[in-house]
Visitor: 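Pasting in a structure now, in structure tokens, and then I'll have a few things to ask.
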Amino acid sequence: MTAIIDQNKIPRRALYTGETIPAVGLGTFGSDKYGPEQVAEAVYGGIKAGYRLIDCAAVYQNEDRIGEVLKRVMQEGIVERKDLFVTSKVWNDMHGEGKVLESCRKSLQDLQLSCIDLYFVHWPFPNYHAPGCDGDSRNPDSRPFSVEEFMSTWRQCEQLVDEGKVRYIGMSNMTVPKLEAVLPLCRIQPAALEMELHPGFQQPELFDYAVAHGIQPIGYCPIGSPSRPERDRTAEDIADTQMPEIVEIAERHNIHPALVCLKWAAQRGQIPIPFSVKEPQYVSNLVCVTEDPLTEEEMESIRRADKNCRLIKGQVFLWAGAKGWEDLWDMEGTITC
């Protein structure tokens, strides 16, 4: 079958090795609204449409269904394994000695792959909360970031590379102070940094720091995550698709504001990983980065529109004695203990 979207038209980003990967991927976090079957069907349709980067995670509880889809698309000749770039992540409760290796084995089994292309440390601490818990939930065993604990987890990720279980490793939900503390200790550097990125929350300092160190930013919540769980919503949140600058540009291009967010992301240099189970949406999300680019003036308008509005605050990971979700993000420029 011929993909709907010509692969040659999809922009690509270079990792530190020089290998290039698609400049837009397909997210698979169904939030609390979509079940594994719906997500898997979207992955099947997405790959048929032209997606080649699929962003997965153990905690999404759907990797076994996605694995069936990956097997199916290869059996049907829609795509070869070498043309797919599949990511996964180790969850917070699997940071202990030997646990990262166990978690990766389970993801490999569920995804029906012999190797994962990029394996992330999902959050930089072992603060567990149950999937679907409410925003007021706290685990009494949660604790602040520890360089020693993180590096123990990272060493296991490096071992996975050594063993050929994964090709690249990455970090997620980090801050500049945390990166400064751990990067000098890494034997294998992170290929990518997954982080919240959208027009209302552009994280320019962290973005520039990653790029300067040869780390590819991958942006989650690229359109402001309108389907994110209720526990991640606050009254102060700003909807990206309703920002006047975004709406104005969308009207000028005669497209949905969400597509402006994705064009901005791809042109800025991050890899957005939008999620949708609706075929017209996930197809449009990919097509939009192949045509009708934003102008330099429009890109500058969006840059100036940054609201510094973090949507995924992570409050469920707070430890006893923490003042608030801000402590997770080292707001004062040093690691918060």
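Computation of the quantities below employed the complete heavy-atom set of this structure, encompassing side-chain atoms and omitting hydrogens, waters and symmetry-equivalent molecules.
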Visitor: Examine V247 and I255 and state if one hydrophobic cluster contains both, with Ile, Leu, Val, Met, Phe, Trp and Tyr joined whenever side-chain heavy atoms are less than 4.5 Å apart.
Guide: no
Visitor: Step by step, would you call E300 with R303 a salt bridge (charged side-chain N to carboxylate O under 4.0 Å, His left out)?
Guide: CA-CA 5 Å; E300 176 62 15; R303 185 192 68 79; 2.6 Å; yes
Visitor: Using a 4.5 Å cut-off on heavy atoms from C-beta on, say whether the side chain of I302 contacts that of E298.
Guide: no
Visitor: Salt bridge or not for R187 and D162, using N-O below 4.0 Å?
Guide: yes
Visitor: Is there side-chain contact between N173 and V121, with at least one heavy-atom pair below 4.5 Å?
Guide: no
Visitor: So if you build clusters from Ile, Leu, Val, Met, Phe, Trp, Tyr with side-chain heavy-atom gaps below 4.5 Å, do V211 and I215 land together?
Guide: yes
Visitor: Is R143 positioned over the aromatic face of F125, cation under 6.0 angstrom from the ring centre and no more than 45 degrees off axis?
Guide: no
Visitor: Do the charged groups of E68 and K71 touch, with an N to O distance under 4.0 Å?
Guide: no
Visitor: Would you say the side chain of I169 lies within less than 4.5 Å of the side chain of I188, judging by non-hydrogen atoms?
Guide: yes
Visitor: Would you say the rings of W319 and W325 are close, in the sense that their centroids are separated by under 6.0 Å?
Guide: no
Visitor: Is any side-chain heavy atom of Y51 closer than 4.5 Å to a side-chain heavy atom of V283?
Guide: no
Visitor: Determine whether Q156 and L160 make a side-chain contact, defined as any pair of heavy atoms from C-beta on separated by less than 4.5 Å.
Guide: no
Visitor: Any salt bridge between D117 and R81, counting N to O under 4.0 Å?
Guide: yes
Visitor: Are E248 and R252 within salt-bridge range, i.e. N to O under 4.0 Å?
Guide: yes
Visitor: Run the salt bridge (charged side-chain N to carboxylate O under 4.0 Å, His left out) check on E102 and R105 step by step: do they pass?
Guide: CA-CA 5 Å; E102 179 185 336; R105 282 195 297 269; 5.3 Å; no
Visitor: So is R52 actually on top of F85's ring, under 6.0 Å and inside 45° of the axis?
Guide: no
Visitor: Would you call the rings of H198 and F201 parallel, tilted or perpendicular, where under 30° means parallel and over 60° means perpendicular?
Guide: tilted
Visitor: A side-chain contact here means heavy atoms from C-beta on lying under 4.5 Å apart; do D240 and I223 qualify?
Guide: no
Visitor: Looking only at side chains, do T175 and Y209 share a donor and an acceptor under 3.5 Å apart?
Guide: no
Visitor: Do the side chains of K89 and E194 get close enough for a salt bridge, i.e. N-O under 4.0 angstrom?
Guide: yes
Visitor: Does the structure place the NZ or CZ of K178 under 6.0 Å from the centre of the six-membered ring of F145, at an angle of no more than 45° from the ring's axis?
Guide: yes
Visitor: In terms of side-chain heavy atoms, does S107 have a donor or acceptor partner in E63 at a distance below 3.5 Å?
Guide: yes
Visitor: Y220 and F275: aromatic ring centres closer than 6.0 Å?
Guide: no
Visitor: Is atom CD of E291 surrounded by more than 12 heavy atoms (other residues, nucleotides or ligands) closer than 6.0 Å?
Guide: yes
Visitor: E19 and Y168: side-chain donor and acceptor closer than 3.5 Å?
Guide: yes
Visitor: Indicate the ring-plane relationship of F317 and W123, choosing parallel, tilted or perpendicular according to the 30° and 60° boundaries.
Guide: tilted
Visitor: Distance alone, cut at 3.5 Å: any donor-acceptor contact between the side chains of D327 and T336?
Guide: no
Visitor: Can R65 and E37 be said to form a side-chain contact (heavy atoms from CB on, under 4.5 Å), step by step?
Guide: CA-CA 7 Å; R65 294 290 186 271; E37 293 296 343; 2.5 Å; yes
Visitor: Taking the side chain as every heavy atom from C-beta outward, state whether L183 and M171 have any atom pair closer than 4.5 Å.
Guide: yes
Visitor: Considering only heavy atoms from C-beta outward, does the side chain of L108 approach that of S114 to under 4.5 Å?
Guide: no
Visitor: Surrounding NZ of K106 (heavy atoms of other residues, nucleotides or ligands, distance under 6.0 Å), is the total greater than 12?
Guide: no
Visitor: Answer yes if Y44 and I4 sit in the same cluster of Ile, Leu, Val, Met, Phe, Trp and Tyr residues linked by side chain heavy atoms under 4.5 Å apart, and no otherwise.
Guide: yes
